[in-house]
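Following: one structure in structure tokens, then a few remarks.
Indexing begins at 1, ligand by ligand and atom by atom, following the structure's order.
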Amino acid sequence: MCSQSSYKPVRKAVFPVAGLGTRFLPATKVMPKEMLPLGDRPLIQHAYEEAREAGIEEFIFVTGRQKEMLEEHFDFQPELEQVLESRGKTDLLQKVRETEMPAGKLFTTRQPKALGLGHAIWCAKELVGDEPFAVILPDDVFLARKGCLAQMVDAYNQSGGNMMAVTEVSKEDTARYGIVDIAEDNGKTVAVKGLVEKPNPEQAPSRLAIMGRYILQPEIFGILSAFDKGAGGEIQLTDAMLKLSKQQPLHGFRYDGKRYDCGTKLGFIETNIAFGLADPEIGPQVRKTLASLLDETNETDSSHEAA
Ligand code: UTP
């Protein structure tokens, strides 16, 4: 990480976790979507670990009803630790201890109604104060040698301003993302002159899509305070960022690695397979299991065709 930077350091990260997670109902009727497990850790823990790797010191959860489990996951669990210790399960004990948030570093604020991502970020206004901050959407996860946010913090320390993770998507997929209108393409970073929320392929200004990692300046809160509604009747973060880009630089950052979408059923299954294959402990078995499952499916398909 770059230690010599003329810009204020990014010390705080906001985790908006107050959404309803409707695409996962009924799994998310009571359990927060961000508690869905990817491997042996819930999505929120993957997000927390990525933030820590990026040097984040304060973790701000924007929560809502039935989201208490997300805070509890990061609590000290003395009974569990005692049992693991007495059974000599040191590996598991270590894993449990890694989930404990340092004292005084977890902050929560409530979003009473899920009015949109922009509104969720606005709810963290007082906790963030007057400094730059990161935003992590826990349902976007990255497989990368270096965490996506850590890469962005390095780039931010050189450039300052506002930044969002971006990647090229296929033309047909532009309608699923916020799409960037490029002012200048510098390879790793792009200067942004416009943003369009979920454009049809014909209207998309580029194929560069925004992914769920941001570094923002505190002036975004003043813009969000207008509570302007955008696409889907929600208070959109991209609309506020577009307004902010008229006053301050806004960069897209092309990260190294691959992003996975855990916000949809298909994406969640794909992510679990990808992480399973990349896991040094179980990867080879996952590969074998997948191959035999595919063989079985092919056999069943051909016997159906023959019948
Ligand atoms: P999504 O767009 O995936 O919405 O939010 P969602 O409500 O979680 O899921 P669906 O669309 O109903 O299936 C992306 C992130 O922003 C948070 C969500 O918790 C998720 O982490 N969010 C979204 C909020 O905190 N508040 C909101 O009003 C909307």
Side-chain angles (χ1 to χ4, degrees), residues 12-38 41-51 59-71 73-74 106-128 133-142 148-149 164-165 169 173 175-179 195 197-198 209-214 216 220-221 224-241 259-271:
K12 302 183 179 184
V14 175
F15 302 76
V17 290
L20 299 175
T22 53
R23 285 168 292 174
F24 269 102
L25 283 169
T28 47
K29 185 180 158 198
V30 176
M31 185 184 73
K33 173 173 76 173
E34 299 80 8
M35 283 304 292
L36 289 170
L38 177 50
R41 285 165 291 161
L43 294 177
I44 190 68
Q45 194 183 333
H46 286 274
Y48 166 66
E49 287 172 5
E50 187 183 325
F59 308 87
I60 302 169
F61 288 6
V62 181
T63 71
R65 277 185 302 284
Q66 295 184 318
K67 297 280 183 169
E68 289 76 14
M69 199 190 283
L70 290 164
E71 295 163 57
H73 179 73
F74 294 96
L106 173 61
F107 302 83
T108 61
T109 179
R110 308 278 282 199
Q111 185 190 27
K113 282 186 192 167
L115 297 179
L117 179 59
H119 184 257
I121 302 300
W122 177 84
C123 292
K125 182 175 182 288
E126 303 300 329
L127 292 173
V128 169
F133 63 102
V135 174
I136 293 193
L137 306 193
D139 49 1
D140 269 4
V141 288
F142 293 80
C148 180
L149 189 62
M164 58 209 173
V169 296
D173 278 346
R176 294 173 49 205
Y177 299 98
I179 300 290
L195 298 171
E197 194 56 48
K198 302 187 172 79
I210 308 171
M211 302 294 145
R213 301 291 181 272
Y214 309 82
L216 299 170
I220 194 85
F221 293 119
L224 288 169
S225 298
F227 300 131
D228 289 335
K229 287 185 182 155
E234 295 195 343
I235 300 166
Q236 298 282 358
L237 181 62
T238 39
D239 293 344
M241 286 174 65
R259 168 263 188 189
Y260 292 91
D261 179 9
C262 281
T264 67
K265 225 159 64 168
L266 178 62
F268 181 67
I269 291 170
E270 183 196 1
T271 314

Per [atom], closest listed option by heavy atom ([options]):
atom                    : options                       : value
atom 20 (C) of ligand 1 : Pro16, Gly19, Ala47           : Pro16
atom 28 (O) of ligand 1 : Gly64, Gly118, Gly116, Gly263 : Gly116
atom 10 (P) of ligand 1 : Leu20, Thr22, Asp140          : Thr22
atom 27 (C) of ligand 1 : Lys265, Gln111, Lys113        : Gln111

Any sub-3.5 Å donor-acceptor pair from [X]'s side-chain atoms to [Y]'s backbone N or O?
X      : Y      : answer
Lys12  : Val128 : yes
Arg213 : Leu137 : yes
Lys67  : Val62  : no
His46  : Leu38  : yes

I'd like to check which ligand 1 atoms, numbered from 1 as shown, lie under 4.0 Å from a non-hydrogen atom of [X].
X      : result
Leu115 : 28 (O)
Pro138 : 21 (O)
Leu117 : 16 (O), 29 (C)
Ala120 : 24 (C), 25 (O), 26 (N)
Ala114 : 28 (O)

Exercise for the section: Using non-hydrogen atoms of the residue, decide whether His119 is closer than 4.0 angstrom to ligand 1. Expected result: no

Closest protein heavy atom (residue, atom, distance) for [atom]:
atom                    : result
atom 8 (O) of ligand 1  : Lys33 NZ, 2.8 Å
atom 25 (O) of ligand 1 : Ala18 N, 2.8 Å
atom 14 (C) of ligand 1 : Asp139 OD2, 3.9 Å
atom 2 (O) of ligand 1  : Arg23 NH2, 4.1 Å

Of the non-hydrogen atoms in [X] and [Y], which two are nearest, and what is the gap between them?
X      : Y      : answer
Thr28  : Gly21  : OG1-O, 2.8 Å
Ala120 : Gln111 : N-NE2, 3.3 Å
Glu197 : Thr238 : OE1-OG1, 2.6 Å

Exercise for the section: Please check if the distance between the ring centroids of Phe59 and Phe74 is under 6.0 Å. Expected result: no

Handout entry: Approximate separation, where rounding is to 0.5 Å, of His119 NE2 and Leu224 CG
Key = 9.5 Å

Problem - Over 12 non-hydrogen atoms of neighbours within 6.0 angstrom of CZ in Arg110 - result: yes

Practice task
Could you say whether the N/O atoms of Gly21 and ligand 1 ever approach to under 3.5 Å?
Solution key: yes

